[in-house]
There are 2 protein chains.
Amino acid sequence: MNTEERRASLAREGDESLAEPSTKQELDLNQFLPYRLNSLADRISQALAELYEERYQLNIAQWRVLAWLSHCDELTAKKVCSYTNMDKARVSRAIQALEERGLIRRTPAPEDQRQQDLHLTAAGQALLVKLIPEAQAWEAELVATLTAGEYRDLLNVMRKLERQLERIG
Amino acid sequence: MNTEERRASLAREGDESLAEPSTKQELDLNQFLPYRLNSLADRISQALAELYEERYQLNIAQWRVLAWLSHCDELTAKKVCSYTNMDKARVSRAIQALEERGLIRRTPAPEDQRQQDLHLTAAGQALLVKLIPEAQAWEAELVATLTAGEYRDLLNVMRKLERQLERIG
DNA sequence: CGAGCATAGTTGCTGTTGAAACTATATGTC
DNA sequence: GACATATAGTTTCAACAGCAACTATGCTCG
């Protein structure tokens, strides 16, 4: 896609702009993908966060650690960092909080004393058994208006953008 | 779209999961739209932020205020809040910083002394004349691999999700 | 008018975050 | 084995965001 085509995709009804002389640069944030995407993702994240914040006293970082633990038997803080793209300080604090609440346990890794293996406790598992279906139900409601094709295409486009992001750096 | 179809869209090659007994709930964050979307948007935002952070010493809030000013002749802090969904304290501080740097000017609104009309200074305009094309070029590179159709569909799906978000609350 | 309520914007306070410094363990090289 | 270097995780510190309290102005209705 070239810039012209993109412009056309974005054009609104009341669009009277024809190549303004460059004394004035305009940018409509509502037609600027990074802003729109971030805005949407923020609101989704925020709304969902209330689910685990208000009802389970988990912040986003803690929830992500738990979610990864739900299907990784061998997990360390480092892995969480690379999987979730979160800063290691943030991960470290999330793990601390989860351990203090008795939701996870950590044991020094036998092969490398610097690492700590993370595991769900029974309490942690019990919490996830309740929380995960709620999160999935919420997601289902969010995407309920999309057709299967739209959903698939969305994922495809997201994958493309992710790949392109890595290329751009 | 129903849950079954969505599952199918998400299924990966190595997917051997068939309705596990509920003693263990699993959630793959990589197949969880809110997470994926947030992750993508965050990385895009982060990458773009470097553009105006490192090279123009603008944070995201300040950049958004400037961008809105670039095509709104009449703007107040309140409007920025509602347009951008940012907290009024955040907007207030962004405006303060921009004024101190001489990029914007604010004058008490004649019809209501509580409000302040915001305007770009010449310096602010000059900065945008350089920054906006860079931001647009970056965006163009990001979406360069999408076809026009994919781009249009992405925007459509985003609109749908936004509407659905408001319904869910 | 004036008492109470509403609104635009600011400020104080607190919690969260990320970068960088730090600790402790591991590895590699001589 | 000893010293240099790398790595996992923690802690410190400064920036920032968000809530709530506050100020100042405007509005409403008696």
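Letters go in sequence order (proteins before strands), and every chain restarts at 1. These values consider heavy atoms only, across backbone and side chains, with no hydrogens, waters or symmetry-generated copies. Everything numeric here is computed off the predicted structure, so don't read it as measured data.
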Discussion item. Taking any heavy-atom pair under 4.0 Å as a contact, classify A:A77: base, sugar-phosphate, or nothing.
Written reply: sugar-phosphate
Worksheet item: Does B:S92 have a side-chain nitrogen or oxygen under 4.0 Å from the phosphate oxygens OP1 or OP2 of C:dT10?
Response: yes
Worksheet item: For the pair made of CG in A:D87 and P in C:dA20, what is the distance, rounded to whole Å?
Response: 10 Å
Discussion item. Expressed as a whole number of angstroms, how long is the span from A:N85:CG to C:dT17:P?
Written reply: 15 Å
Discussion item. Under a 3.5 Å cutoff, is there a donor and acceptor pairing between the side chains of A:Q164 and A:R167?
Written reply: yes
Worksheet item: For B:K78 and C:dA8, is the shortest distance between a side-chain N/O and OP1 or OP2 below 4.0 Å?
Response: yes
Item to complete: Using atom CD of A:Q116 as one end and atom P of C:dT23 as the other, report the distance to the nearest whole Å.
Response: 18 Å
Discussion item. Within a 6.0 Å radius of atom CD on A:Q46, are there more than 12 heavy atoms belonging to other residues, nucleotides or ligands?
Written reply: no
Worksheet item: Okay, side chain of B:R101, backbone of B:Q57: is any donor-acceptor separation there less than 3.5 Å?
Response: yes
Worksheet item: Does B:R93 get its side chain close enough to the base of C:dG12, under 3.5 Å, for a donor-acceptor pair?
Response: yes
Discussion item. I'd like to know if the side chain of A:Y56 pairs up with that of A:E134 as donor and acceptor (distance under 3.5 Å, no hydrogens or angles considered).
Written reply: yes
Item to complete: Ignoring backbone atoms, establish whether B:Q113 has a side-chain N or O less than 4.0 Å from OP1 or OP2 of C:dT7.
Response: no
Worksheet item: Taking NZ, NE, NH1 and NH2 as the nitrogens, is one of them in A:E99 or A:R105 under 4.0 Å from a carboxylate oxygen of the other?
Response: no
Worksheet entry | Rounded interatomic separation in angstrom, taking CD from B:Q46 and C1' from C:dA19 | 12 Å
Item to complete: Give a yes or no on whether a donor-acceptor pair under 3.5 Å exists between the nucleobase atoms of C:dT7, that is its base, and the side chain of B:R114.
Response: yes
Item to complete: Round to a whole Å and report the spacing from CD1 of B:I95 to C1' of C:dT11.
Response: 15 Å
Discussion item. Less than 4.5 Å apart, side chain to side chain, heavy atoms only: is that true for A:L131 and A:L58?
Written reply: yes
Fill in: Interface limits on DNA chain D, where chain A has a heavy atom under 4.0 Å of a nucleotide atom
D:dA6 to D:dC13
Discussion item. Looking at B:E74 and B:K79, is there a salt bridge between them, counting it only when a charged N and a carboxylate O are closer than 4.0 Å?
Written reply: no
Worksheet item: Of A:E111 and A:E53, whose closest DNA chain C nucleotide lies nearer the 5' terminus?
Response: A:E53
Discussion item. Can you measure B:Q96 atom CD to C:dT11 atom C1' for me and round it to whole angstrom units?
Written reply: 9 Å
Fill in: Distance in angstrom units between A:D112 CG and C:dT27 C1', rounded
10 Å
Practice prompt. Starting from P on C:dT17, measure out to CZ on B:R90 and report it in whole angstrom.
Written response: 14 Å
Discussion item. Between A:A61 and A:P110, which residue's closest nucleotide on DNA chain C lies nearer the 5′ terminus?
Written reply: A:A61
